[in-house]
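Just below is one structure, and these are the notes that go with it.
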Amino acid sequence: MSSKNALRLLVLVGPTGSGKSTLAIRLCKELPGEVISADSRYLYQELNIGTAKPNPAELASVAHHLINVTTLDAPWSLGVFQKETRRLIEDINDRGKLPLLVGGTGQYIRAILQNWEIPAQAPLDDLRKAIEAWGERIGFDALHGRLARLDAEAAAWIDYRNKRRTIRALEVIFASGKRFTELRTKSSSPYQTLVLGLEWPREQLYQRIDARINAMLAQGFVEEVSALREAGRAAQLRRMGIIGYPEILDYLDNKITLDEAVTLIRRNTRIYVRRQANWFKLTDPTIHWVNAADPAVAEHMLDLIKSEFPV
RNA sequence: GCCGAGCUAGCUCAGUUGGUAGAGCAUGCGACUGAAAAUCGCAGUGUCCACAGUUCGAUUCUGUGGCUCGGCA
């Protein structure tokens with residue numbers, strides 16, 4: 001907790017399918033507050049049903065930020081998100097409302113809460129490709145060895161088998177002329193924060209997710225992917241690895257059946273849930289976990305918010 | 001009833017020329033500083049169907065029984 005006149009920031013975390021979006025709208029109506037989405041897939045106008053993005057009526061019911069703000073042709077990334085979110089937190093506070101940062105993208109939320117300063121090097125596609133080609137030539141463990149010589153600290157915590165992160169570290173070093181590790185810091189949050197978590201037993205969450213996938217299909221998920229495929233977006237969707245879209249594309253390409261696609265989507269979503277849990281742990285003392293199955297979950301959260309942020 | 005195949009991890013199966021076993025999936029855990037729904041790593045679990053025989057030793061060989069799946073009646 002920061003000083004009394006620090007900017008206020010309310011955060012709502014929880015795994016995919018936990019009901020964050022709906023709850024966020026409810027909370028914002030009462031506070032009043034405005035939603036800042038921390039979901040790396042809600043950013044894109046083209047993605048709707050398959051990402052479980054709130055529908056237009058829900059989005060119109062309270063102010064939402066950072067949803068549908070870009071297209072697949074102009075992808076955002078952590079740096080852009082962080083810059084925009086910091087600006088929004090200030091702006092919403094200035095207007096006398098409470099910003100509610102909500103989403104499942106752990107890295108984005110952590111970057112705000114821990115006040116990360118990230119290497120200010122935007123992605124350079126050509127350089128990335130060149131480094132990757134180099135790695136294919138000399139072997140990726142040799143590439144990692146190069147990183148170790150240039151920045152031993154970075155090499156120590158990037159697994160040698162993790163090509164993508166090895167390439168990113170080298171990209172920053174080559175483009176900036178500085179070590180990757182000297183360009184990154186973290187510190188305590190500049191905001192007065194309250195972090196709420198929506199907690200489900202794993203088994204129940206899996207059941208909710210299975211039901212949600214069925215609902216997506218009923219809402220026309222296959223048609224959404226089919227339209228994107230017609231528009232020539234298939235390769236892009238596969239490259240981004242957005243759960244559900246590659247599986248449905250495989251179905252549309254007659255590589256697998258719809259049942260097989262659904263099974264794969266369930267599996268991949270569960271794996272994602274487990275990875276998400278690494279960012280938001282039940283043992284994290286800074287997160288106030290609330291039982292999501294409790295019918296009064298919103299009231300409990302409002303009580304916590306009122307005691308943290310008295311009017 | 002007869003013939004054949006099978007019974008090993010939660011599931012599908014591999015394997016042990018006889019020295020008590022292993023992959024994938026599932027499950028759990030972890031890393032993460034401009035692709036993050038990405039990318040990458042780690043881990044556990046077994047009366048090897050039952051009983052008897054042979055053997056120093058049987059999940060493995062033999063016999064009997066049980067169950068499952070085919071085929072033939």
Side-chain angles (χ1 to χ4, degrees), chain A residues 15-17 37-44 47 50-53 70 72-85 103-125 127-129 131-132 135 140-141 144 151 153-169 171-173 175-176 178-187 201-203 205-206 209 212-213 216 236-248 260 263-283:
Chain A
T16 193
S37 167
D39 188 304
S40 67
R41 301 312 182 195
Y42 289 180
L43 295 166
Y44 301 98
L47 309 177
T51 59
K53 187 188 282 174
T70 189
L72 295 173
D73 293 322
W76 275 30
S77 57
L78 177 62
V80 186
F81 169 84
Q82 201 183 24
K83 188 162 145 264
E84 289 301 310
T85 298
T105 304
Q107 188 199 36
Y108 286 9
I109 290 176
R110 191 73 76 72
I112 295 296
L113 288 176
Q114 297 186 342
N115 202 31
W116 287 358
E117 289 303 327
I118 62 176
Q121 180 58 57
L124 299 168
D125 285 342
L127 182 54
R128 284 183 181 187
K129 280 183 192 134
I131 297 170
E132 183 164 14
F140 281 91
D141 41 348
H144 190 269
D151 187 343
E153 199 185 334
W157 55 257
I158 296 175
D159 190 279
Y160 70 95
R161 287 158 293 201
N162 197 331
K163 297 180 195 178
R164 189 172 283 196
R165 293 186 46 230
T166 303
I167 291 170
R168 169 61 186 166
E171 173 189 41
V172 169
I173 292 168
S176 70
K178 293 180 179 165
R179 279 181 299 112
F180 185 57
T181 42
E182 82 183 271
L183 296 172
R184 22 164 280 156
T185 63
K186 66 179 175 183
S187 56
R202 193 62 64 84
E203 192 52 44
L205 184 65
Y206 288 166
I209 286 167
R212 189 172 76 165
I213 292 167
M216 285 175 182
Q236 227 165 3
L237 290 171
R238 289 184 190 280
R239 183 155 23 86
M240 288 179 76
I242 309 162
I243 294 170
Y245 291 77
E247 295 88 336
I248 297 294
E260 287 168 335
T263 301
L264 283 170
I265 295 171
R266 285 186 184 157
R267 174 200 297 176
N268 291 330
T269 307
R270 289 177 184 209
I271 291 172
Y272 171 49
V273 162
R274 283 179 241 141
R275 261 185 297 128
Q276 268 183 317
N278 284 318
W279 295 98
F280 313 119
K281 292 184 202 289
L282 292 174
T283 53

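Chain naming here is simple, since letters A, B, ... match the order of the sequence lines and numbering starts at 1 in each.
Electrostatic pairing of A:Arg168 and A:Glu171 counts as a salt bridge here, judged by a charged N lying under 4.0 Å from a carboxylate O.
Note on A:Asn162: every side-chain N or O is 4.0 Å or more away from OP1 and OP2 of B:U39. Between A:Arg267 and B:A26, a side-chain N or O to OP1/OP2 separation shorter than 4.0 Å is present. For A:Thr105 and B:A37, the shortest distance from a side-chain N or O to OP1 or OP2 is below 4.0 Å. The phosphate of B:U33 has OP1 or OP2 within less than 4.0 Å of a side-chain N or O from A:Arg165. Phosphate proximity of B:A36 to A:Tyr108: present, with a side-chain N or O under 4.0 Å from OP1 or OP2. In this model, the phosphate group of B:C29 is not approached by any side-chain N or O of A:Lys281 to a distance below 4.0 Å at OP1 or OP2. A sub-4.0 Å separation between OP1 or OP2 of B:A35 and a side-chain N or O of A:Arg239 is absent. Between A:Arg168 and the phosphate of B:U33, there is no side-chain N or O to OP1/OP2 separation shorter than 4.0 Å. Within the 4.0 Å cut-off from OP1 or OP2 of B:U33, not a single side-chain nitrogen or oxygen of A:Arg110 is found.
Out of B:A37, B:G41, B:U33, the shortest distance to the side chain of A:Ile118 is found at B:U33. When distances are taken from the side chain of A:Ile242 to each of B:A37, B:G34, B:C42, the shortest belongs to B:A37. Taking every side-chain heavy atom of A:Tyr272 into account, B:A37 is the closest of B:U33, B:C40, B:A37. Checked against B:A37, B:A35, B:C42, the side chain of A:Pro123 finds its nearest nucleotide in B:A35. Considering only the side chain of A:Arg41, B:A36 comes nearest among B:C29, B:A36, B:A26.
Taking atom C1' in both B:G18 and B:A9, one finds a spacing of 23 Å when rounded to whole Å. When the C1' atom is used for both B:A35 and B:G10, the distance is 35 Å, rounded to whole Å. Only the C1' atoms considered, B:A43 is 24 Å distant from B:U47, to the nearest whole Å. Remark: the separation of the C1' atoms in B:U64 and B:G71 is 25 Å, to the nearest Å. Separation of the C1' atoms belonging to B:A50 and B:U59 is 13 Å when rounded to the nearest angstrom. For B:G57 and B:G28, the P atoms lie 44 Å apart once the distance is rounded to whole Å. To the nearest whole angstrom, the two C1' atoms, one in B:A58 and one in B:A21, are 14 Å apart. Only the C1' atoms considered, B:C32 is 9 Å distant from B:U39, to the nearest whole Å.
Note on A:Trp279: a base of the nucleic acid sits closer than 4.0 angstrom, heavy atoms only. Contact annotation for A:Gly50: base contact, defined as any heavy-atom pair under 4.0 Å involving a base atom. If you check every strand for non-hydrogen atoms under 4.0 Å, A:Asn268 touches nothing. Among the heavy atoms of the strands, none lies under 4.0 Å from A:Tyr245. A:Gly244 comes within contact range of no nucleotide atom at all, as no heavy-atom separation falls under 4.0 Å. Residue contacts shown for A:Asp159 are limited to sugar-phosphate atoms, with no base heavy atom under 4.0 Å away. At a threshold of 4.0 angstrom between heavy atoms, the contacts of A:Gln276 with the nucleic acid are absent. No contact: A:Ala277 has no heavy atom under 4.0 Å from any strand. If you check every strand for non-hydrogen atoms under 4.0 Å, A:Tyr206 touches sugar and phosphate atoms only. Using a 4.0 Å heavy-atom distance criterion, A:Pro119 is classed as a base contact. Looking at heavy-atom distances under 4.0 Å, A:Thr185 makes contact with a base.
For the pairing with A:Leu78, the side chain to side chain contact (heavy atoms under 4.5 Å, CB included) check across A:Gln107, A:Arg110, A:Lys83 returns one residue only, A:Gln107. Looking at A:Arg275, A:Gln276, A:Arg270 one by one, the single match for side-chain hydrogen bond (donor to acceptor under 3.5 Å, both in side chains) with A:Tyr272 turns out to be A:Gln276.
Taking both residues in full, the closest heavy atoms of A:Tyr160 and A:His144 are given as CA-CD2, 3.4 Å, listed atom of the first, atom of the second, then distance. Closest approach of A:Ile118 to A:Gly79, counting heavy atoms only: CD1-CA, 3.5 Å. Heavy-atom minimum distance, A:Thr105 versus A:Ser40: OG1-N, 2.9 Å.
B:G10 and B:C25 make up a base pair, with Watson-Crick or G-U wobble contacts both under 3.5 Å. Under the Watson-Crick or G-U wobble criterion, with both distances below 3.5 Å, B:G18 has no partner in any strand shown. Figure legend. B:U54 is base-paired to no nucleotide; pairs are counted as Watson-Crick or G-U wobble with both atom distances under 3.5 Å. The nucleotide B:A73 finds no pairing partner, because no Watson-Crick or G-U wobble arrangement with both distances shorter than 3.5 Å includes it. Checking B:U68 for Watson-Crick or G-U wobble geometry (two distances, each under 3.5 Å) identifies B:A5 as its partner. Across all strands shown, B:G44 forms no Watson-Crick or G-U wobble pair with both key distances under 3.5 Å. In this entry B:A37 has no Watson-Crick or G-U wobble partner, no candidate having both defining distances under 3.5 Å. In this structure, B:C32 makes no Watson-Crick or G-U wobble pair, since no nucleotide meets both defining distances under 3.5 angstrom.
Each of A:Arg275 and A:Arg184 was assigned the nucleotide of RNA chain B with the nearest heavy atom; the assignment lying further toward the 5' end belongs to A:Arg184.
Straight-line distance from the CH2 atom of A:Trp116 to the C1' atom of B:G34: 11 Å, rounded to whole Å.
Side-chain contact between A:Thr166 and A:Ile131: absent, with no pair of heavy atoms (C-beta onward) separated by less than 4.5 Å.
Remark: the A:Arg212 side chain and the A:Thr269 side chain contain no N/O donor-acceptor pair separated by less than 3.5 Å.
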